[in-house]
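Below you'll find the structure, written out as structure tokens, and then a few comments.
Proteins get letters first, then strands, A, B, ... in listed order; numbering begins at 1 in each.
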Amino acid sequence: MSASGAKTEKEKINGAQMVIECLKQEGVDLVFGYPGGAIMKVYDALYDSGLKHILARHEQGAIHAADGYARATGKVGVCIATSGPGATNLVTGIATAYMDSVPLVCITGQVGTDLLGTDAFQEADITGITMPITKHNYLVKHIKEIPRVMKEAFHIARTGRPGPVLIDFCKDVGVQLAEFSYPDSVYIRSYNPTYAPNKGQIKKLAKVIKEAKKPLIMTGGGMIRSNASNELYKVAKTANIPVVSTFNGLGAFPGSDELHLGMLGMHGTIAANWAVNECDLLLNFGARFDDRVTGKLDEFAKHAKIVHVDIDPAEIGKNISAHIPIVGDLKNVLEALIEHVEPLDIEEWRTQVKFWKSEYPLTYLKGDGKLRPQFVIDTICQKTDSKAIIATDVGQHQMWTSQYYTFNEANQFFSSGGLGTMGYGLPAAIGAQLGRPERQTICISGDGSVQMNIQELATISEHQIPLKLAILNNGALGMVRQWQEMFFQKRYSQTIFKGHPDFVKLAEAYSIKAFRATTPEEAEQIIDEALAFEGPCVLEFVVEQSENVFPFIPPGAPVENMMRGDE
Amino acid sequence: MKNVKNVISVLVNDQSGVLSRISGLFSRRGFNIDSITVGPAEEVGLSRMTIVVRGDEPTVEQVMKQLHKLIDVIKVINITHEPNVTRELALIKVMVTANTRPEVLNLIEPFRASVVDVSRNSLIVQVVGDESKITAMLELLRPYGIKEVARTGVVSLLRGTTTKDS
Ligand SMILES: Cc1ncc(C[n+]2csc(CCOP(=O)(O)OP(=O)(O)O)c2C)c(N)n1
């Protein structure tokens with residue numbers, strides 16, 4: 001900084017410092033990551049930057065934590081890793097975020113520009129590898145690109161249909177020097193998401209709603225990303241339209257509301273699936289007609305006119321063609337729709353769905369002294385007054401959580417819905433708890449899933465992150481075991497565990513308080529104790545191995561083939 | 001109606017990796033590319049691709065939407081049903097003898113093809129046209145013994161001054 005000349009020259013900073021500066025300009029205050037050779041310069045710049053960094057114990061832990069943080073806060077999650085193995089360890093987390101439309105910016109180190117493409121030490125073509133699972137990615141070979149690329153990356157990650165963006169920085173870019181100025185705005189000629197819906201389509205939508213005798217709203221993850229819960233509530237309540245949720249849409253509409261019929265699809269409620277089957281108008285708000293939702297495509301909602309609202313035009317007509325396609329942000333769409341909505345005269349339909357709902361509730365066996373996973377989740381739900389933030393892993397426990405925990409708010413439930421990533425739960429809970437320190441966070445996991453990223457107990461211990469980890473230990477890869485029972489003549493190939501660690505002792509090895517329950521009474525007791533305890537703790541529930549998830553519509557089958565489990 | 005050929009014209013940023021972004025999209029979503037060509041467009045920094053893809057209407061619509069999602073893609077238009085000019089260039093190395101050489105030269109004349117290389121036992125024929133013309137040329141030359149063929153894949157532009165926004 002010289003004040004001598006007529007022009008004051010701006011101080012030059014190096015590329016690594018510039019990356020950190022850009023993060024600050026984007027309002028980032030917490031990042032997750034794991035250092036290594038190619039990214040060391042960035043970690044050096046981080047050292048006294050004032051940015052808070054959480055060191056995970058595996059890059060996969062870091063990126064799932066960034067994902068949980070992003071879902072919990074609505075901000076862009078940031079994750080940093082080194083080149084080669086560091087970057088490839090992010091792949092599962094990137095794909096997870098891509099499938100569930102979670103905004104992430106992943107920063108990876110890369111070998112120097114002179115070594116690119118030579119199979120240098122710790123080189124991996126991470127932009128090539130992640131092309132199909134990122135919304136966009138960049139390889140940065142010169143410092144002058146940094147501000148624009150960072151600005152664009154955050155913009156792309158958070159706008160339109162959100163998603164992960166990866167920026168790969170060649171190592172030498174970190175040491176190059178340049179003046180820093182951050183652009184105020186972004187212009188990407190080829191990227192202009194449509195937010196405002198077509199007015200004519202909204203009028204058509206209002207008209208079909210008025211004419212419907214059996215309308216049904218289906219909410220998806222898009223409802224949560226677009227923050228449109230209030231608008232949805234107004235529309236549904238004003239018009240008296242029953243609501244079903246996809247797995248990723250849970251919480252967008254209050255689960256305890258009388259209009260809510262629960263989750264639809266493979267493990268959805270009977271009421272939700274019958275309603276879809278019988279409705280004459282299906283309003284799909286921000287769901288992508290995933291195969292776990294639709295089952296057999298040409299049987300799905302076969303009596304209904306389909307309205308499909310999505311910010312991503314490519315989702316509309318991808319699996320199911322829509323009578324009324326609407327491209328736009330749900331908040332804008334529903335705001336526009338509210339003006340046209342009136343109470344509908346559909347008492348007959350409402351009585352019908354109410355009947356289904358009360359006649360076929362979700363149930364499991366109680367009172368025989370055995371500890372069942374459904375009971376554990378039910379109890380956690382009651383004892384937290386449905387108010388905890390819940391992250392899950394993947395398997396039966398995940399489905400039971402979606403069935404037996406009542407989600408009344410958007411962004412209360414974090415789970416890998418699209419990719420179904422085992423190992424997601426624990427790190428995601430870390431991110432969620434850090435993002436919303438005031439809320440009780442509980443990770444519900446299985447004995448299989450939890451071992452995929454169990455090393456993150458160290459991260460929890462180090463930062464005394466007060467989340468509770470509930471492990472439903474059924475001694476098996478339960479969901480796969482269930483399919484083997486049903487479709488593979490009980491040939492339990494590689495799904496029954498032998499040689500589990502003692503989860504209580506394991507937690508204690510990380511200096512984390514831990515409890516075990518083997519009966520319903522003990523379960524209630526340890527849940528009370530854990531919730532009363534201020535710090536992190538691990539709860540192991542030794543549950544019945546033979547429990548299965550019901551209802552169950554076998555893959556690709558029509559709703560009539562639903563197995564209820566009580567026959 | 002099924003599996004008709006569609007000609008899609010795509011304007012993209014001339015970025016490294018853009019071709020693999022596009023071809024990768026086709027392969028992982030199971031779309032069948034018949035041909036793909038790329039070269040610099042009218043504006044510095046942009047390239048135009050012509051992609052010939054088979055599929056029914058919903059498939060082709062999905063192809064176009066997915067292409068549009070790519071950040072480097074500026075414009076996607078389906079010019080199959082618009083008045084367009086579509087051309088392909090092929091180089092065909094065909095075997096000849098002293099006897100058959102004049103015959104081959106006569107044969108290619110109506111195609112306005114030209115000979116771009118001559119050796120004692122072979123000729124290289126250059127032919128430009130739409131796909132059917134190139135196929136016809138190949139069929140006519142086949143009996144003489146085709147050694148090698150290199151085809152560019154089609155390039156295509158809308159007729160007239162329109163550029164059709166999408
Ligand atoms: C990374 C990964 N590997 C494999 C699978 C396949 N899979 C789905 S559910 C499941 C079993 C999960 O077992 P556990 O975590 O113990 O939960 P449970 O079903 O017993 O509740 C497996 C192996 C997956 N979803 N993710």
*A:Phe169 and A:Thr108: CA distance, side-chain angles, deciding distance, side chain to side chain contact (heavy atoms under 4.5 Å, CB included) verdict*: CA-CA 6 Å; A:Phe169 288 99; A:Thr108 49; over 6 Å; no
_I'd like to verify something: which residue of A:Pro313, A:Gly317, A:Pro132, A:Gly128 has the highest number of heavy-atom pairs under 4.5 Å with chain B?_
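Winner by heavy-atom pair count: A:Pro132.
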_With chain B as the partner, which of A:Asp312, A:Asn192, A:Ile188 has the greatest number of non-hydrogen pairs under 4.5 Å?_
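Among the listed options, the one with the most contacts to chain B is A:Asp312.
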Does the side chain of [X] pick up a donor-acceptor pair with the side chain of [Y] at under 3.5 Å?
X	Y	value
B:Asp56	B:Thr59	yes
A:Asp172	A:Thr113	yes
B:Ser156	B:Ser9	no
A:Thr127	A:Asn137	no
A:Arg161	A:Ser101	yes
A:Gln110	A:Asp168	yes
B:Lys69	A:Tyr191	no

*chain A contact residues among residues 104-133 of chain B, heavy-atom distance under 4.5 Å*: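 Within residues 104-133 of chain B, near chain A: nothing under 4.5 Å.
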*Side-chain (B:Thr37) to main-chain (B:Val154) donor-acceptor, under 3.5 angstrom*: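 At least one qualifying donor-acceptor pair exists.
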Please look at [X] and chain A and tell me whether the side chain, the backbone, both or neither of the residue comes under 4.5 angstrom of a heavy atom of that chain.
X	result
B:Asp72	both
B:Arg28	side chain
B:Leu67	neither

_Under 4.5 Å from a heavy atom of chain B, the part of A:Ile156 involved_ =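 Interface part for A:Ile156: side chain.
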